[in-house]
Every structure is written in C-alpha cells, then in structure tokens.
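Please read the structure below before turning to the comments.
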Amino acid sequence: MTEYNQGEVFKDSSQKGKDRQWKERKLNNINLAKAFEELEYKISENIFSCAEVLRYKQQADGTLKLYQTWFCKNKLCPICNWRRAMKYSYQTSLIVDEAIKRFPKGRFLFLTLTVKNVPGNELNSELSNFAKSFDRLFKRAKVKKNILGYIRATEITRNDDRDDFHPHMHILVFIKSSYFSGAGDNYISQDEWVEMWQKSAKLDYTPVVHIKAVKPKGKNENDPNGMKKAILETAKYPTKPIDFDSENIEVVRDLHEGMYRKRLISFGGIFKEIRKELNLDNIEEGDLINTSGEDTTSTTAKEIVAIWNWDRQNYYVR
C-alpha cells in the first residue's frame with residue numbers, strides 16, 4: 001500500500017496506475033482564473049479557490065477516494081469539466097445498460113448537427129436558437145416515430161484564424177430496430193436528415209449533418225461488451241480544455257457569456273425516464289466529488305489530505 005508522508009509531493013493514480021494529473025489541471029485552472037481576473041470578473045476568486053484542498057480516504061486496496069473538496073463548477077474550469085466527464089461517462093453507462101435491457105433489439109445512431117460559425121457576441125443567442133431547432137427536429141413525425149431515446153451534448157469549438165465559434169451537437173440516438181427494416185418508410189437517409197435539419201433550424205443554406213450507425217470496431221468487434229464500448233466512446237463528454245493566455249482572454253469572455261445559463265447536456269425519451277428512475281444527479285451543476293455512484297468509503301479509512309502550494313505550484317501531503 002502506498003505511503004503518504006507529510007511534506008512530499010502528492011500523487012493520485014487510478015486503479016490502473018494512471019496519474020490523475022491534479023497538478024496540470026490546477027495550473028490550467030489558475031490560467032483561467034487569471035484571465036477572468038484580467039477581465040474584471042469577480043468569479044475569478046472562486047476559480048482560484050477551486051480544489052485547493054483535497055481530502056481523501058485511503059481504501060483497503062490502497063487507492064484513494066476523494067470525499068471532500070470545493071469545486072467552482074465554472075463551465076470552463078478544466079478541473080470541474082474533468083469531473084463532469086467522469087460523471088457523464090458513469091451515468092451514460094448506467095442509462096445505456098438499462099435501455100438495452102428494456103429494448104434489446106434497439107439500435108444506436110450517432111448524429112452530428114451543425115450551423116455556421118458565429119462571432120462571440122452572437123454565441124449566447126445562437127445556442128438558444130440551436131436548442132429550439134433541435135426540439136423542432138425531434139418532434140417531426142418521421143423522427144419521433146423511430147426514436148426510443150437520446151443523449152444530446154452541445155460542443156463549442158473556436159476557429160482561431162477567423163476568430164469565431166462553431167457550435168454543434170453530438171447526439172447519441174437510440175432507435176427502434178424497424179428503422180433499418182426494408183418495409184415501410186421508417187429509414188431516414190443522410191439527405192433527409194440534412195433537409196429536416198435545415199427546415200427545423202430555419203437556415204437559408206445547406207448545413208453539414210453527419211449520421212452513422214454505432215458499431216464496435218477493431219479489437220472490440222467480437223467483444224460482448226464491444227457495442228457498449230463503442231457507444232461510450234461515441235458519447236464522450238463534449239467540453240475540451242482550452243489554452244488560456246494573455247493573447248486570448250477575450251475567448252474566455254465570449255465563451256463564459258455565450259454559455260451563460262445554457263444547458264449543454266440533455267436526455268430524452270427512455271433515457272430521460274431511466275435517468276429519473278435512477279435518481280441521477282445533475283451532471284453540469286450537481287455533485288462533482290462523488291462522480292460514480294454511492295459513496296461506500298469506510299468511516300474508519302485513513303485520511304489523506306493534499307494542499308495546493310502556491311509558491312511551489314504543486315500539491316503536497318499535509
């Protein structure tokens with residue numbers, strides 16, 4: 001079992017021995033806080049304080065279980081988004097498992113919906129329109145009759161050359177097996193998806209839309225859990241870390257104001273019903289400490305405390 005001695009550099013590794021990179025994430029968090037500070041946002045203080053003190057319980061197998069800290073929950077925070085990604089993966093796995101049990105013949109599609117890039121000052125309104133357009137698309141008769149459930153994740157990337165933003169949606173769609181049947185008019189072609197999205201989003205141009213069936217690949221092809229792995233790989237949490245420096249702090253402002261009060265993750269159909277039945281916590285705003293189910297940590301387990309040292313720029317064992 002790993003010994004944690006007072007004053008030494010703190011290391012937190014997964015069960016597979018992979019470094020969880022708290023130091024690197026905290027340094028990126030500090031860069032974000034500095035950008036907010038330069039933009040004169042008061043929330044910079046909260047972001048600076050994110051995950052300063054980490055309290056763990058050491059399990060019987062030597063691994064550490066985080067049981068207490070404070071997270072800022074800012075949508076751009078690299079630490080909080082990492083925790084959200086863990087939570088998102090866990091919840092998606094539970095929901096997909098249960099959905100397959102209930103509809104074993106159901107199939108999965110991966111749908112990507114896009115619109116043209118927009119400048120930063122239009123991002124907030126565009127995200128509102130995007131969500132309304134999605135609702136119109138999934139209420140269309142031909143879509144609605146095929147759908148069992150979906151997970152929708154909105155991602156925003158930036159084009160550095162053009163200095164604008166590209167909002168797009170990744171949707172894991174759970175459909176009835178009859179979607180692919182030869183009889184009837186259930187199947188929706190690529191061109192039809194494009195046409196329906198164009199009308200639903202009220203666009204005066206032809207948008208880029210990708211639709212594909214989710215299938216196991218390579219070494220997972222014959223694995224009984226291959227399909228689930230392919231599904232989880234497809235449905236990754238959408239937020240990617242952004243490098244912040246003195247030259248692009250305006251990007252921080254644009255993204256912060258653009259995503260203000262916007263829900264980036266949503267569940268529909270049977271996925272929404274299962275999520276409610278399982279009483280799963282809110283991914284974006286909820287608990288980021290316990291990201292994978294009930295906390296079974298023993299109350300008698302040894303406590304390990306790691307504190308961020310601002311001078312030495314690392315976590316040290318207290």
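These numbers were taken from a predicted model, which means no experiment stands behind them. In what follows, every heavy atom counts, from backbone to side chain, and hydrogens, waters and symmetry copies are set aside.
- Using a 4.5 Å cut-off between side-chain heavy atoms of Ile, Leu, Val, Met, Phe, Trp and Tyr, W70 forms no hydrophobic cluster with any other residue.
- Within the 3.5 Å criterion, the main-chain N or O of E257 finds a donor-acceptor partner in the side chain of N124.
- Between R102 and E277 there is a salt bridge, since at least one side-chain N of the basic residue sits less than 4.0 Å from a carboxylate O of the acidic one.
- Each of L127, D254, L123 was scored for a side chain to side chain contact (heavy atoms under 4.5 Å, CB included) with V118, with one residue passing: L123.
- The CD atom of Q21 lies 7.0 Å from the NZ atom of K18; values are rounded to the nearest 0.5 Å.
- Ring orientation note: the planes of F71 and W22 are close to parallel, at an angle under 30° on the 30°/60° scale.
- R83 contributes a side-chain N or O that, together with a main-chain N or O of I289, makes up a donor-acceptor pair within less than 3.5 Å.
- The backbone N or O of N282 lies less than 3.5 Å from no partner atom in the side chain of E285, so there is not a single donor-acceptor pair.
- Side-chain contact of Y187 with E192: a donor-acceptor pair under 3.5 Å is absent, judged by distance alone.
- Connectivity analysis of hydrophobic side chains (ILVMFWY, heavy atoms under 4.5 Å, direct or indirect) links Y260 to nothing; its cluster partners are none.
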For this session: Start with the C-alpha distance between Y56 and D12, add both sets of side-chain angles, then the distance that settles side chain to side chain donor-acceptor pair (under 3.5 Å), and finish with yes or no.
Result: CA-CA 10 Å; Y56 289 87; D12 178 18; 3.0 Å; yes

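- With a 6.0 Å cutoff to the six-membered ring centre and a 45° limit on the axis angle, K116 counts as a cation-pi contact of Y205.
- Interatomic distance, CD1 of I188 versus CG of L111, reported as 9.5 Å (0.5 Å rounding).
- Between F271 and F108, the ring-plane angle classifies as parallel under the 30° and 60° cut-offs.
- One finds the CG atom of N31 at 7.0 Å from the CG atom of L27 (value rounded to the nearest 0.5 Å).
- I175 contributes atom CD1, which lies 3.5 Å from atom CG of L109 (distance to the nearest 0.5 angstrom).
- Ring centers of W310 and Y316: at least 6.0 Å apart, outside the cut-off.
- Note that R152 lies in the cation-pi zone of F134, set by a 6.0 Å cut-off to the ring centre and a 45° limit from the axis.
- Of the possible donor and acceptor atoms, one in the side chain of D281 sits under 3.5 Å from a partner among the backbone N and O of D287.
- Taking the charged nitrogens against the carboxylate oxygens, D185 and K145 do have a contact shorter than 4.0 Å, which makes a salt bridge.
- Between the CD1 atom of I307 and the CD atom of E52 there is a distance of 9.5 Å, given to the nearest 0.5 Å.
- Under the 3.5 Å distance criterion, the side-chain polar atoms of W197 are matched with a main-chain donor or acceptor of T114.
- Here the side chain of E284 pairs a donor or acceptor atom with the backbone of L264 at under 3.5 angstrom.
- In this structure, F174 has its ring center no closer than 6.0 Å to that of Y150.
- Remark: the backbone N or O of L288 is not paired with any side-chain donor or acceptor of K73 at under 3.5 angstrom.
- Rounding to the nearest 0.5 Å places CZ of R158 at 11.0 Å from CG of N117.
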